[in-house]
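The structure appears below as structure tokens.
Predicted, not measured: the structure shown is a model, and the values here were computed from it.
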Amino acid sequence: MTVQANPAGASRGFGTADRTAVAKRPNQLLRNLNAKIAAIPMMLTAVVIFFGGTIWTIVYSFTDSKLLPRLKWVGLDQYDRLWDQNRWNISIENLLIYGVLSLIFSLVIGFLLAALMDQKIRFENTFRTIFLYPFALSFIVTGLVWQWILNPEFGVQGVVRSLGWTSFTFDPLYNEDIVIYGILIAGLWQGTGLIMCLMLAGLRGIDEDIWKAARVDGIPMWKTYIFIVIPMMRPVFITTLVLIASGIVRLYDLVVAQTSGGPGIASEVPAKYVYDKMFLGQNLAQGFAASTVMLVSVLIVLIPWAYLEFGGRRKNG
């Protein structure tokens, strides 16, 4: 009996057709070539404008630039001056207060509204539209509306006093001790609807069998939400946290529309400080230093998110 030697490819389990398919398989870099070529302008825009502008800002934050940028190095002097500014420290304090409270109340109110909407209530589409509608407005419009609502003469305070409660006082935008809370009210009114929709989408993604099993086992609904549903909605919560955090860092429009930083400098925020220093104070380097600090705060938010979103997947994979 004659035994014919197999070709090298056949000995490794590849036939002629397989070798032909491998030979015809395009290089990884050449796949979707048209799409990659079409994406070149966007990639260049991202690299040149975003990354280039970021590096340019960081570099000139170490200079003595005033009205125009100039490469006169002063080291960390701009950062030392920045943290010596009472206005900057107040803006950081306001941002922390606004940020922590906005994060907590947005998640809690948004989730509670989503849980109520998930009960298959009547006119759900109408309620969802009403709650989401404020998000369609610009922050300037929202700020002006709430400036009117919180005005002590013809806003909430004026209406309540006209009903007979003449000692009632509610003027957060005119009280430097609580002005940041007045801004917080407007921010929650505008952003909570979006959080509700995100949470509702996450709840609608939960398998109905989980709810049925929980009811069969006699688990109370609040325990089902806390110990079963919320852990399953982890990706939704992470995305929501990033959206809220990014909105907190760039808080500007609401402050300008409602208080312009007042009374005095009681409602200053970092974004307004940067704008005022660069365009009104004609101190580019100081504005660049402040914006660099804001960039670091954004990275503090994005890096943990990227690790949780992609690092966790890689480990699970």
Side-chain angles (χ1 to χ4, degrees), residues 50 53-54 57 88 90-114 128-147 149-150 172-173 178-202 233-261 266-276 287 290-309:
F50 291 103
T54 300
T57 299
W88 172 255
I90 288 175
S91 72
I92 293 295
E93 182 181 346
N94 286 335
L95 191 67
L96 288 175
I97 295 173
Y98 179 91
V100 172
L101 295 179
S102 177
L103 201 62
I104 294 172
F105 283 110
S106 293
L107 288 175
V108 172
I109 297 173
F111 185 81
L112 289 177
L113 288 175
R128 191 165 61 231
T129 302
I130 292 172
F131 285 123
L132 188 59
Y133 179 75
F135 186 74
L137 302 176
S138 71
F139 283 106
I140 295 294
V141 173
T142 299
L144 292 175
V145 168
W146 278 95
Q147 183 191 55
I149 294 174
L150 299 177
L173 298 185
I178 59 173
V179 62
I180 194 64
Y181 303 106
I183 296 171
L184 175 66
I185 293 172
L188 290 175
W189 180 78
Q190 177 160 17
T192 304
L194 175 65
I195 307 304
M196 180 205 70
C197 289
L198 293 173
M199 294 294 179
L200 183 60
M233 292 175 59
R234 174 177 166 272
V236 177
F237 274 95
I238 292 175
T239 302
T240 304
L241 285 171
V242 172
L243 289 175
I244 297 174
S246 63
I248 291 169
V249 172
R250 52 189 174 84
L251 175 65
Y252 174 81
D253 311 61
L254 279 178
V255 175
V256 172
Q258 288 186 273
T259 65
S260 295
S267 60
E268 278 291 326
V269 289
K272 186 176 181 300
Y273 179 92
V274 171
Y275 179 86
D276 289 349
S291 60
T292 302
V293 173
M294 292 179 64
L295 173 64
V296 172
S297 65
V298 172
L299 293 178
I300 291 173
V301 173
L302 288 180
I303 291 174
W305 169 78
Y307 175 77
L308 291 172
E309 193 70 13

[atom2] on [Y] to [atom1] on [X], rounded to 0.5 Å:
X: Asp253; Y: Lys272; atom1: CG; atom2: NZ; result: 12.5 Å
X: Ser106; Y: Leu188; atom1: OG; atom2: CG; result: 5.0 Å
X: Leu132; Y: Gln190; atom1: CG; atom2: CD; result: 10.5 Å
X: Ile180; Y: Glu268; atom1: CD1; atom2: CD; result: 10.0 Å
X: Ile90; Y: Tyr273; atom1: CD1; atom2: OH; result: 11.5 Å
X: Leu144; Y: Leu137; atom1: CG; atom2: CG; result: 11.0 Å

Taking every non-hydrogen atom, the tightest pair across [X] and [Y]:
X: Met196; Y: Leu113; answer: CG-CB, 3.6 Å
X: Leu198; Y: Thr240; answer: CD1-OG1, 3.9 Å
X: Ala266; Y: Asn94; answer: O-ND2, 2.8 Å
X: Ile92; Y: Pro270; answer: CD1-CG, 3.9 Å
X: Ala257; Y: Gly143; answer: CB-CA, 3.8 Å
X: Cys197; Y: Arg128; answer: SG-CG, 4.0 Å

With sequence neighbours left out, write down each residue that passes side-chain contact (heavy atoms from CB on, under 4.5 Å) with Ser267, or none if nothing qualifies.
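Ser267 satisfies side-chain contact (heavy atoms from CB on, under 4.5 Å) with Val179, Ile183, Val255, Thr259 once adjacent residues are dropped.
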Flag side-chain contact, heavy atom, 4.5 Å: [X] against [Y]:
X: Leu107; Y: Met199; answer: yes
X: Tyr181; Y: Pro172; answer: no
X: Thr142; Y: Pro134; answer: no

Working for side-chain contact (heavy atoms from CB on, under 4.5 Å), residues Leu254 and Tyr98
CA-CA 12 Å; Leu254 279 178; Tyr98 179 91; 4.0 Å; yes
Heavy-atom neighbours of Phe237 CZ exceed 12 at 6.0 Å
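Yes, because the 6.0 Å sphere around CZ of Phe237 holds more than 12 heavy atoms from other groups.
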Using modelled atom types only, decide if a donor and an acceptor are shared between the side chain of Ser91 and the backbone of Trp88 within a distance under 3.5 Å.
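Yes; judged by distance alone, with no hydrogens or angles, the pair exists.
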Can you sort out the partners of Tyr275 under ring-ring contact (aromatic ring centres under 6.0 Å, His included), two or more places apart, ordered by chain and number?
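Counting only residues at least two positions away or on another chain, Tyr275 forms a ring-ring contact (aromatic ring centres under 6.0 Å, His included) with Tyr252, Phe279.
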Are Phe105 and Ile195 close enough, and set up right, to give a side-chain contact (heavy atoms from CB on, under 4.5 Å), and what steps lead you there?
CA-CA 11 Å; Phe105 283 110; Ile195 307 304; over 6 Å; no
